[in-house]
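So you know, we letter chains A, B, ... as the sequences are listed, proteins then strands, and number each from 1.
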2 protein chains.
Amino acid sequence: MAKREHTGHEWGQLANAVGPRVRLLRNALAARSIAALEEFALPTGSLTVLSLIAANPGSNQTALAKAAGVNKSALVGIVDELEKRGLAARDRSASDRRRNHLTVTPVGEATMKAMLARVAGGESKVRDALGLRDHLKLLELLDRANAALE
Amino acid sequence: MAKREHTGHEWGQLANAVGPRVRLLRNALAARSIAALEEFALPTGSLTVLSLIAANPGSNQTALAKAAGVNKSALVGIVDELEKRGLAARDRSASDRRRNHLTVTPVGEATMKAMLARVAGGESKVRDALGLRDHLKLLELLDRANAALE
DNA sequence: TATTGTTATACTCTATAACTATA
DNA sequence: TATAGTTATAGAGTATAACAATA
């Protein structure tokens with residue numbers, strides 16, 4: 001468990017620490033994702049935001065930011081860009097005019113699917129290495145870990 | 001699986017994606033770690049680097065950077081600070097004088113342990129939520145995922 | 001008084017390129 | 001010609017504080 005065959009380095013006192021391993025994986029996935037989505041010229045996190053809006057139409061920005069794991073300030077810029085490109089729409093909520101009612105346009109839906117196809121590469125490397133069963137297990141454990149830290 | 005009870009948001013098209021979940025967890029753990037280690041006034045990543053040097057004495061910086069998941073350029077600053085504070089020593093390797101031979105000082109060992117005690121909080125929240133068996137499983141899956149992306 | 005979205009701002013993290021000294 | 005460490009630099013990521021509009 002403490003041995004890391006791929007680098008030859010041992011974790012030592014951090015043998016049972018989740019933090020450094022998660023950072024390592026996040027960096028690797030982020031690098032691949034950024035490279036894969038370069039052609040879309042959208043800010044990082046756009047795909048996550050787009051997917052969340054599509055799955056939860058009408059969501060407001062504060063809740064969305066929390067779910068996406070980005071700051072609400074940072075989300076402004078992302079939504080700005082999505083709106084400018086015609087991928088998402090930002091309308092004032094009728095019931096609470098402080099809130100923005102967010103939706104994904106048809107073009108946004110199509111773009112999202114094209115982006116997903118691009119990102120699939122890095123994701124599938126993990127899925128292939130783990131196998132279906134352990135892949136689902138990893139998703140479950142990450143969700144539970146996130147819930148515990150909320 | 002697609003439902004995220006804690007925020008009420010669904011992942012939608014990203015229901016089986018590791019990337020966003022890992023980012024979420026990394027951010028949460030990083031924020032806790034930074035807050036917990038604030039009193040030490042050391043650059044982020046110092047604990048990981050210190051632990052890796054301690055467990056692999058004499059390791060050179062390039063290999064260390066890769067294992068720690070930080071850029072070799074960024075590692076220079078971290079080691080600078082560790083050296084200035086007397087926590088680690090940087091000596092030229094006798095066999096290959098391009099390389100630095102890194103070791104942890106006794107003070108560094110003590111500091112490392114104090115830091116580990118501080119970080120334990122965030123880590124234990126995850127461990128408690130997952131239980132021993134699933135905690136170890138998570139470590140295993142993260143290692144395998146990292147190896148797959150190397 | 002509290003909350004939503006926004007702006008401004010700063011700091012951290014990470015990557016790239018170029019330099020030096022060694023090999 | 002290649003590698004280890006260093007420096008300089010830029011870009012992306014994230015966070016905080018303050019503000020206007022609204023509740």
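C:dT7 atom C1' lies 13 Å from atom CD of A:Gln61, rounded to whole Å. Put simply, NZ on A:Lys66 is 13 Å from P on D:dA15, counting in whole angstrom units. A straight line from CG of A:Leu75 to P of D:dA12 spans 18 Å, rounded to a whole angstrom. Put simply, CG on B:Leu37 is 15 Å from C1' on C:dT12, counting in whole angstrom units. Between the C1' atom of D:dT6 and the CG atom of B:Asn100 lies a distance of 10 Å, rounded to the nearest Å. Distance, A:Arg99 CZ to D:dA23 P: 11 Å, rounded to whole Å. Nucleotide C:dT14 holds its P atom 13 Å from the CG atom of A:Leu25, rounded to whole Å. Between the C1' atom of D:dA12 and the CD atom of A:Glu81 lies a distance of 14 Å, rounded to the nearest Å.
Checked by atom type and distance alone, the side chain of B:Ser124 pairs as donor or acceptor with a backbone atom of B:Ala120 at under 3.5 Å.
Note that CG of A:Leu82 is 9.5 Å distant from CG of A:Leu102, once rounded to the nearest 0.5 Å. From A:Leu14, atom CG reaches atom CG of B:Leu52 across 7.0 Å, with rounding to the nearest 0.5 Å. Here the straight-line distance linking atom CZ of B:Arg21 with atom CG of A:Leu25 works out to 13.0 Å at 0.5 Å rounding.
In this structure, B:Thr62 does not reach the D:dT3 phosphate: none of its side-chain N or O atoms is under 4.0 Å from OP1 or OP2.
The side chain of B:Asn60 lies closest to D:dA4 when the candidates are C:dC13, C:dT7, D:dA4.
Both A:His101 and B:Ile34 lie close to DNA chain C; mapped to their nearest nucleotides by heavy-atom distance, the more 5′-ward contact belongs to A:His101. In this structure, A:Arg90 and A:Arg23 both approach DNA chain C, and ranking their closest nucleotides by distance from the 5' end singles out A:Arg90.
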Using a cut-off of 4.0 Å between protein heavy atoms and nucleotide atoms, how would you tag nucleotides 15-23 of chain C 5' to 3' with B, S and -?
BBB---BBS
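For A:Arg98, the salt bridge (Lys or Arg N to Asp or Glu O under 4.0 Å) partners at least two apart in sequence or on another chain are A:Asp96.
Defined by atom type and a distance below 3.5 Å, a donor-acceptor pair is present between the side-chain atoms of A:Thr48 and B:Arg23.
B:Leu116 is connected to B:Val107 through a chain of hydrophobic side-chain contacts under 4.5 Å among Ile, Leu, Val, Met, Phe, Trp and Tyr, so both are in one cluster.
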